[in-house]
Colleague: 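Encoded as structure tokens, here's the structure I'll be asking about.
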Amino acid sequence: MMSDQSAPLQQPYGRAYEQMLEKVRYDGAYPTREKAEEAVRLVLAGLGRQLTGDERVELAARLPLEAARIFTAQIPDTQPLTGWAFVKDLAARTGATLATTRWDTGSVLCVVAALAGPDLLTRILRQLPSGYALLFGRAELTQAA
């Protein structure tokens, strides 16, 4: 008989992360949980390379533990990418099409937006270059004159 302690990597994910994966799977119409998790890992790692400062810390605190680990394991790039360049970068990393990567990005970031809440999301979008609002499922913000 196998002891649970002999295989720590087989530990089930926390409930919050399971719920996040299920929401991404449902919203993104992924055929399996594994496909949804691939998208979550890809997009959160990418976002972790873009976001800095207080918004990064606050978002990590609102994500499920496993998601926060993926997100915070990344070192932010010195030159942030626009929303479209972000999608192109993720596509290049995986070899997936731009359309598939755009779908994955939106499926994950819409769930992240819900976890972040409207106030934090607004601050995140103000920090990032143009083109991210639509990826998060929001109309593009325009700067007041």
Colleague: Ring pair (Phe, Tyr, Trp, His ring centres under 6.0 Å): which pairs involve residues 115-139, sequence neighbours left out?
Modeller: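 For residues 115-139: Phe86-Tyr132.
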
Colleague: To the nearest 0.5 angstrom, please state how far the CG atom of Leu115 sits from the CG atom of Leu59.
Modeller: 8.0 Å

Colleague: Under the salt bridge (Lys or Arg N to Asp or Glu O under 4.0 Å) rule, collect the residues that match up with Asp77, sequence neighbours excluded.
Modeller: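 Counting only residues at least two positions away or on another chain, Asp77 forms no salt bridge (Lys or Arg N to Asp or Glu O under 4.0 Å).
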
Colleague: Could you tell me which non-hydrogen atom of Ala68 sits nearest to which non-hydrogen atom of Ala60, and how far apart they are?
Modeller: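 Shortest heavy-atom separation between Ala68 and Ala60 comes out as CB-O, 3.3 Å.
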
Colleague: Which atoms form the tightest heavy-atom contact between Gly28 and Ser107, and what is the distance?
Modeller: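 Shortest heavy-atom contact: CA-OG, 3.4 Å.
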
Colleague: List the atom pairs, donor and acceptor, that lie under 3.5 Å between side-chain atoms in residues 87-97 and the rest of the protein, sequence neighbours left out.
Modeller:
{"from": "Asp89", "atom 1": "OD1", "to": "Arg93", "atom 2": "NE", "distance (Å)": "3.4"}
{"from": "Asp89", "atom 1": "OD2", "to": "Arg93", "atom 2": "NE", "distance (Å)": "2.8"}
{"from": "Thr94", "atom 1": "OG1", "to": "Leu90", "atom 2": "O", "distance (Å)": "3.2"}
{"from": "Thr94", "atom 1": "OG1", "to": "Ala91", "atom 2": "O", "distance (Å)": "3.4"}
{"from": "Thr94", "atom 1": "OG1", "to": "Ala96", "atom 2": "N", "distance (Å)": "3.2"}
{"from": "Thr97", "atom 1": "OG1", "to": "Thr100", "atom 2": "N", "distance (Å)": "3.0"}
{"from": "Thr97", "atom 1": "OG1", "to": "Thr100", "atom 2": "OG1", "distance (Å)": "2.9"}

Colleague: Mind checking what makes side-chain contact (heavy atoms from CB on, under 4.5 Å) contact with Ala67, not counting sequence neighbours?
Modeller: Tyr17, Met20, Leu44, Leu63, Pro64

Colleague: Quick check for you: to the nearest 0.5 Å, what is the distance between Glu38 atom CD and Arg41 atom CZ?
Modeller: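 Those atoms lie 10.0 Å apart.
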
Colleague: What's the separation between atom CG in Leu125 and atom CZ in Arg138, rounded to the nearest 0.5 Å?
Modeller: 6.0 Å

Colleague: Any chain of hydrophobic side-chain contacts (each under 4.5 Å) joining Leu134 to Leu81?
Modeller: no

Colleague: Which residues pass the ring pair (Phe, Tyr, Trp, His ring centres under 6.0 Å) test with Phe71, sequence neighbours left out?
Modeller: none

Colleague: Taking side chain to side chain donor-acceptor pair (under 3.5 Å) as the test, write out the residues that go with Thr82, two or more places apart.
Modeller: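 Side chain to side chain donor-acceptor pair (under 3.5 Å) list for Thr82, sorted by chain: empty.
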
Colleague: Mark yes or no for whether Arg56, through its side chain, and Leu51, through its backbone, hold a donor-acceptor pair below 3.5 Å.
Modeller: yes

Colleague: Under the rule for side-chain contact (heavy atoms from CB on, under 4.5 Å), what residues qualify as partners of Glu22, not counting sequence neighbours?
Modeller: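 Glu22: side-chain contact (heavy atoms from CB on, under 4.5 Å) contacts with Arg25, Arg33.
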
Colleague: If you compare all heavy atoms of Ala139 against all heavy atoms of Ala133, which two are closest, and at what distance to 0.1 Å?
Modeller: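 Residues Ala139 and Ala133, closest heavy atoms: O-CB, 3.3 Å.
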
Colleague: Give me the one residue out of Val43, Ile124, Val24 that meets side chain to side chain contact (heavy atoms under 4.5 Å, CB included) with Leu109.
Modeller: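 With Leu109 as partner, side chain to side chain contact (heavy atoms under 4.5 Å, CB included) holds for just one option, Val43.
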
Colleague: Side-chain heavy atoms under 4.5 angstrom apart, residues restricted to Ile, Leu, Val, Met, Phe, Trp, Tyr: same cluster for Leu98 and Trp103?
Modeller: yes

Colleague: The criterion is salt bridge (Lys or Arg N to Asp or Glu O under 4.0 Å); which residues satisfy it with Glu58, sequence neighbours excluded?
Modeller: Arg62, Arg123

Colleague: Going by side-chain contact (heavy atoms from CB on, under 4.5 Å), name the residues that satisfy it together with Thr32, two or more places apart in sequence or in a different chain.
Modeller: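 Glu34, Lys35.
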
Colleague: Where do Ala45 and Ile70 come nearest, in terms of heavy atoms and distance?
Modeller: N-CG2, 3.9 Å

Colleague: Does Arg69 have any side-chain contact (heavy atoms from CB on, under 4.5 Å) partners at least two apart in sequence or in another chain, and if so, which?
Modeller: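 So Arg69 forms a side-chain contact (heavy atoms from CB on, under 4.5 Å) with Leu65.
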
Colleague: By the salt bridge (Lys or Arg N to Asp or Glu O under 4.0 Å) test, which pairs, at least two apart or in different chains, include something from residues 97-106?
Modeller: none

Colleague: Do the side chain of Gln127 and the main chain of Thr52 share a donor and acceptor less than 3.5 angstrom apart?
Modeller: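 Here the side-chain-to-backbone pair exists.
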
